[in-house]
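Input: a single structure, listed below in structure tokens.
Lettering of chains follows the sequences in order, A, B, ..., and the numbering in each one begins at 1. Values below: all heavy atoms of this structure, side chains included; hydrogens, waters and symmetry mates excluded.
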Number of protein chains: 2
Amino acid sequence: MTRSRADLFDAETVAMADFARAMSHPARIAILRRLMEEGAQTAGQLVAALPLAQATVSQHLRALREAELVVATEAGTRITYALEGARIRHFCHAFQQALGTAGVPTEAMRACHI
Amino acid sequence: MTRSRADLFDAETVAMADFARAMSHPARIAILRRLMEEGAQTAGQLVAALPLAQATVSQHLRALREAELVVATEAGTRITYALEGARIRHFCHAFQQALGTAGVPTEAMRACHI
DNA sequence: ATCCTTTATCGTATATTTACGTTATACGAT
DNA sequence: ATCGTATAACGTAAATATACGATAAAGGAT
């Protein structure tokens, strides 16, 4: 990957790839799904819920923070994570727009019963 | 990643992560977007459209094939790639369902003008 | 038969990711 | 002040991903 990325592809394409990459590990998907289902959770709660060492979960949380898919708020010694709802929705929508209608019969085709 | 994956996470979570991983490189996003916008393309057309060597594009196409996001059909010496529309739609929908409504005000909240 | 085109595969160098033990930091409780 | 808890950051080994030249395989054209 010598020096590819922003130089070689347009910004929108790179942004979509970065978003997908942030989601490209089961642990990170599991974290996001859990935050969605249970609401905000502390790092410790997430560690307890995942089959990985604390250091590893912390590393995945950093990746999600850096991709701005979650926000962390400190309260004393605890750190609570919550979804960046707006940003996640934005990208789900972008994917839906860009790719989510692939091969869907058009109005005209359906009108003709093709 | 010593031996994680299917052992440690549920199938749905792994499937979503695998889909995201298949999309996690700008070249692969660019390929998918192009197939969406221009319709099916030969490998050669995709090579011409991307700032990467033929071998590299071929490798990205294999990744997309293995993730079943595209299908290849041979015609003589040419190989034409097309989107696996149904599968892509399925996952765009799955992400929308699982994460795409994060932080959206509920009916009840909106009714109360919160 | 020979040559050219098209595309996949091989080999390989480099970069990135993942996992985890260990250590550092910072807060709260005693 | 000391100790325990909660978390991030460091260091590092192993696995994967990325890029690309070179080569192989298979059709088509002459």
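Heavy atoms of A:Gln59 sit under 4.0 angstrom from at least one base atom. A:Ala55 comes within contact range of at least one nucleobase, with a heavy-atom separation under 4.0 Å.
Listed nucleotides D:dT5, C:dA8, C:dT18 differ in distance to A:Thr77; the shortest reach to its side chain belongs to D:dT5. Checked against D:dT7, D:dA19, C:dT18, the side chain of A:Ile79 finds its nearest nucleotide in D:dT7. When distances run from any side-chain atom of B:Ala53 to the nucleotides C:dA19, C:dA8, D:dC20, the shortest one goes to D:dC20. For A:Tyr81, the side-chain atoms get nearest to D:dA8 when compared with the rest of D:dA26, D:dA8, C:dC27. With distances taken from any side-chain atom of B:Arg21 to the nucleotides C:dT7, D:dA19, C:dT18, the minimum falls on C:dT18.
The CD atom of A:Gln54 sits 12 Å away from the C1' atom of C:dA24 (whole-angstrom rounding). In this structure, NE2 of A:His60 is placed 12 Å from P of C:dT17, rounded to the nearest angstrom. Atom CG in B:Leu52 sits roughly 9 Å away from atom C1' in D:dT18 (whole-Å rounding). The CZ atom of B:Arg62 sits 16 Å away from the P atom of C:dT7 (whole-angstrom rounding). Taking atom CG on A:Leu46 and atom C1' on D:dT7, their separation rounds to 12 Å, with Å as the unit. Per the geometry, CZ belonging to B:Arg78 stands 11 Å off P belonging to C:dT5, to the nearest Å. One atom, CG of B:Leu50, and another, C1' of C:dT7, lie 15 Å apart when rounded to the nearest Å. B:Glu74 has its CD atom 11 Å from the C1' atom of D:dG27, to the nearest Å.
Following chains of ILVMFWY side-chain contacts shorter than 4.5 Å, one can reach A:Phe95 starting from A:Met36, so the two form part of one hydrophobic cluster.
Counting all heavy atoms, side chain and backbone alike, A:Ile88 lies closest to A:Leu32 at CD1-CD2, 4.5 Å. Residues B:Ala20 and A:Met23 come closest through the heavy atom pair CB-O, 3.6 Å.
A donor-acceptor pair is defined here as one N or O able to donate and one able to accept, closer than 3.5 Å; no such pair exists between the side chain of B:Arg21 and the backbone of A:Arg21.
Shown here, D:dT7 forms a base pair with C:dA24; the pair counts as Watson-Crick or G-U wobble because both key distances fall under 3.5 Å.
Between B:Arg89 and A:Thr101, the side chains place no donor N or O within less than 3.5 Å of an acceptor N or O (distance only, hydrogens not considered).
Ranked by how close their nearest DNA chain D nucleotide is to the 5' end, A:Thr42 and B:Ala27 are led by A:Thr42.
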